[in-house]
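So the structure is just underneath, and the comments pick up after that.
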Amino acid sequence: EIRSDVSDVVAADEFEYKDPVDGSVSKHQGVRYLFGDGSRLVFRLSGTGSVGATIRVYIEQYEKDSSKTGRDSQDALAPLVDVALKLSKMQEYTGRSAPTVIT
C-alpha cells in the first residue's frame, strides 16, 4: 500500500528531460514531487495550440513486493492520486473532478 502523504514530500523541482541518445536537455518540462517512500509525481502541460492545453500527471510508485505487482494500476495508485489532487488543487483550478483520459 502506498504510504505517501502531502507531508511526505522530500523534494520538489522543475522537471527537465535529458535525451539518452543525443544528450540534449529540454528544460521547463513540468513540476516534479519526490516522496520519502520513492513515489514520484510529475505535472506537465501538453499541447501546442493557442487555446487550451492538457495537464498530464505522471504517477509512479516502486513496489518491492512481487505479489502486489499484478494489481490494477488505478487501484494500486489511488492513494497517490489523492495526494496529487491535493497538491495540485486540480479540481479547484480546472473545475474537473475526473480525468478525461487515463492510460
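Bear in mind the structure is a predicted one, so any value in this text is a computation, not a measurement.
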Give a yes or no on whether Arg40 atom CZ has more than 12 heavy-atom contacts from other residues, nucleotides or ligands under 6.0 Å away. yes

Short side-chain to backbone donor-acceptor contact, Thr54 and Arg56, under 3.5 Å: no

Please write out which residues are connected to Val10 in a hydrophobic cluster, directly or through intermediates, given that two of Ile, Leu, Val, Met, Phe, Trp, Tyr count as joined at side-chain heavy-atom separations below 4.5 angstrom. Leu34

Not counting sequence neighbours, list each pair that qualifies as a salt bridge (charged side-chain N to carboxylate O under 4.0 Å, His left out) and has a residue in residues 24-33. Asp13-Arg32

Any pair counted as side chain to side chain donor-acceptor pair (under 3.5 Å), so long as it reaches residues 74-90, sequence neighbours left out: none

With sequence neighbours left out, write down each residue that passes side chain to side chain donor-acceptor pair (under 3.5 Å) with Asp65, or none if nothing qualifies. Ser67

Report the C-alpha separation of Glu60 and Leu77 in whole Å, then their side-chain angles, then the decisive distance to 0.1 Å, and conclude whether the side chain to side chain contact (heavy atoms under 4.5 Å, CB included) test is met. CA-CA 8 Å; Glu60 299 176 342; Leu77 296 173; over 6 Å; no

How many angstroms lie between atom OH of Tyr17 and atom CD of Gln29, to the nearest 0.5 angstrom? 10.0 Å

Taking the side chain as every heavy atom from C-beta outward, state whether Ile55 and Leu45 have any pair of such atoms under 4.5 Å apart. yes

Does Ala76 offer a backbone N or O that forms a donor-acceptor pair with the side chain of Arg71 under 3.5 Å? no

Can you tell if the side chain of Asp37 reaches within under 4.5 Å of the side chain of Asp8, non-hydrogen atoms only? no

By side chain to side chain donor-acceptor pair (under 3.5 Å), which residues pair with Glu16, not counting sequence neighbours? none

What residues form a side chain to side chain donor-acceptor pair (under 3.5 Å) with Gln91, not counting sequence neighbours? none

Hey, are the side chains of Tyr58 and Leu41 touching, using non-hydrogen atoms and a 4.5 Å cut-off? no

Would Phe15 and Phe43 count as a side chain to side chain contact (heavy atoms under 4.5 Å, CB included) here? Give the steps. CA-CA 9 Å; Phe15 179 71; Phe43 297 89; over 6 Å; no

Side chains of Val83 and Val9: closer than 4.5 Å at any heavy-atom pair? no

Ile59 CD1 to Ser73 OG distance, which is reported to the nearest 0.5 Å: 9.5 Å

Path from Tyr33 to Val42 over hydrophobic side-chain contacts below 4.5 Å: no

Any link between Val31 and Phe35 through a network of hydrophobic side chains (Ile, Leu, Val, Met, Phe, Trp, Tyr) touching at under 4.5 Å? yes

